[in-house]
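So the structure is just underneath, and the comments pick up after that.
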2 protein chains.
Amino acid sequence: MPCNKFGWHGKFKECGYRVTVGRKEILDVLTKTTGHLSAEEIYLKVHEKYQSIGLTTVYRTLDVLASIGLLQKFDFGDGRARYEIIDATNEKGHHHHLVCTECKRIIDYKDFIDEEVELLRKTEKALSEKYKFEIKNHLIQFYGLCSECQEHR
Amino acid sequence: MPCNKFGWHGKFKECGYRVTVGRKEILDVLTKTTGHLSAEEIYLKVHEKYQSIGLTTVYRTLDVLASIGLLQKFDFGDGRARYEIIDATNEKGHHHHLVCTECKRIIDYKDFIDEEVELLRKTEKALSEKYKFEIKNHLIQFYGLCSECQEHR
DNA sequence: TTTGCTAATGAAAACCATTTCCATTTATAA
DNA sequence: TTATAAATGGAAATGGTTTTCATTAGCAAA
């Protein structure tokens, strides 16, 4: 999968995907919107500008983006997948999530990210060698109760 | 949630849940079977012994077990939830997963678990204080291609 | 620019894991 | 033993996601 030129446009072409109006707009929404959007939320935002783009296309495009490593798909336990652009130059940068199992609220955090990245690098290297597993991505999440939901107990 | 007596039996009672044949058997299957079982797989195993226990009960019991912290629910991207008993005394012990995004194979690993646990403890403490978030559990997963799926490229 | 090939698309239908409904059963404490 | 509410099973409903298929549109080549 030699899909690593700069810019998603090049990456698309390189991987044999065509650049279409829908894909451009979906990527635009994902880039400009912070947060953890569901497919439907993305569809609604895209729909504001292009009424012709359907939910099916949104799903298909999200699959494509995830498969070429531009997008990460999350399961926060609320019954629908949520998506985030993977962008090192993103102001939010590398971060992880605290997931409230009660109200499903998501809190982004980036504390100890440096230490974490170092441990991950080490782990990834060892696991790659030991299991001949080619690591593309990782996921770290904490589950628990947000301050508000603790009070309701 | 003062649900922390020893043994699941006490934990059940303490949390106001009744101990039933179905729940006993489901817990038995989960304890005796290694791996990452789906609800249906658990149902089929339970069904071998007790034909009267339905899939609905399996789902409900899994929810209960997860809510009292005996069970962890996973999403490995194959369209169904998978479950693992959380058991410190388990021979497998604390481990995480490598998920092949191609064939959905799961590899358990426990390399660098000590360093990881230390970092997690530190992170959990800091995040608890900073966000007043009560952490109950965490998830670490690596995504990529297993050795077999790398060859098929 | 035009053409031809094929990927991409939209809308509707299908899919299918999970949840809900509801009448019946069962665990448990009095 | 009995009363009560929790637990249950089976069927139906739910709803996010995927598939189908006829149509549209990228884009490379002429």
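All heavy atoms count here, side chains included; hydrogens, waters and symmetry mates do not. Here is the naming used below: chain letters follow the sequence lines, and residue numbers restart at 1 for every chain. The structure presented is a predicted model; accordingly, all values stated were derived computationally and were not measured.
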Figure out the [atom1]/[atom2] separation between [X] and [N], and round it to whole Å.
X: Asp78(B); N: dA17(C); atom1: CG; atom2: P; result: 10 Å
X: Arg23(A); N: dA25(D); atom1: CZ; atom2: P; result: 15 Å
X: Leu37(B); N: dA17(C); atom1: CG; atom2: C1'; result: 16 Å
X: His9(B); N: dA27(C); atom1: NE2; atom2: P; result: 11 Å
X: Lys13(A); N: dA28(D); atom1: NZ; atom2: P; result: 6 Å
X: Ile42(B); N: dT18(C); atom1: CD1; atom2: P; result: 10 Å
X: Tyr43(A); N: dT9(C); atom1: OH; atom2: C1'; result: 13 Å
X: Tyr83(A); N: dG16(D); atom1: OH; atom2: P; result: 12 Å

Is any side-chain nitrogen or oxygen of [X] closer than 4.0 Å to OP1 or OP2 of [N]?
X: Arg18(B); N: dA29(C); value: no
X: Tyr59(A); N: dT18(D); value: no
X: Thr56(A); N: dA12(C); value: no
X: Arg80(A); N: dG16(D); value: yes
X: Thr20(A); N: dA7(C); value: no

Problem set entry | Polar pair under 3.5 Å, donor/acceptor by atom type, side chain Arg60(B), base dT19(C) |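 No such pair is found, so the answer is no.
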For this session: Could you label the plane-to-plane angle of the His97(A) and Phe74(A) rings as parallel, tilted or perpendicular, counting under 30° as parallel and over 60° as perpendicular?
Result: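 Perpendicular: the ring planes of His97(A) and Phe74(A) meet at over 60°.
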For this session: On the 0 to 90° scale, with breaks at 30° and 60°, tag the His36(A)-Phe76(A) ring pair as parallel, tilted or perpendicular.
Result: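 It falls in the perpendicular class, over 60°.
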Exercise. Starting at the 5' end of DNA chain C, which residue's closest nucleotide do you reach first, Val21(B) or Glu40(B)?
Worked result: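 Per heavy-atom nearest nucleotide, the more 5' residue is Glu40(B).
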For this session: Please examine the side chains of His95(B) and Glu84(B), heavy atoms only from C-beta on, and report whether any two atoms are closer than 4.5 Å.
Result: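 Glu84(B) vs His95(B): side chains touch.
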For this session: Measure from the side chain of Val19(A), starting at C-beta and using heavy atoms only, and say which of dC27(D), dA27(C), dT18(D) lies closest.
Result: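 Given the options dC27(D), dA27(C), dT18(D), the side chain of Val19(A) is closest to dC27(D).
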Problem set entry | Aromatic ring proximity His138(A)/His94(A), centre distance under 6.0 Å |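 So the answer is yes for these two rings.
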Exercise. Is the CD atom of Glu115(B) crowded by more than 12 outside heavy atoms at less than 6.0 Å?
Worked result: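 It does: Glu115(B) CD has more than 12 such atoms within range.
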Exercise. Is Ser38(B) touching bases, backbone alone, or none of the nucleic acid, heavy atoms closer than 4.0 Å?
Worked result: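 Nothing, no nucleic acid heavy atom in range.
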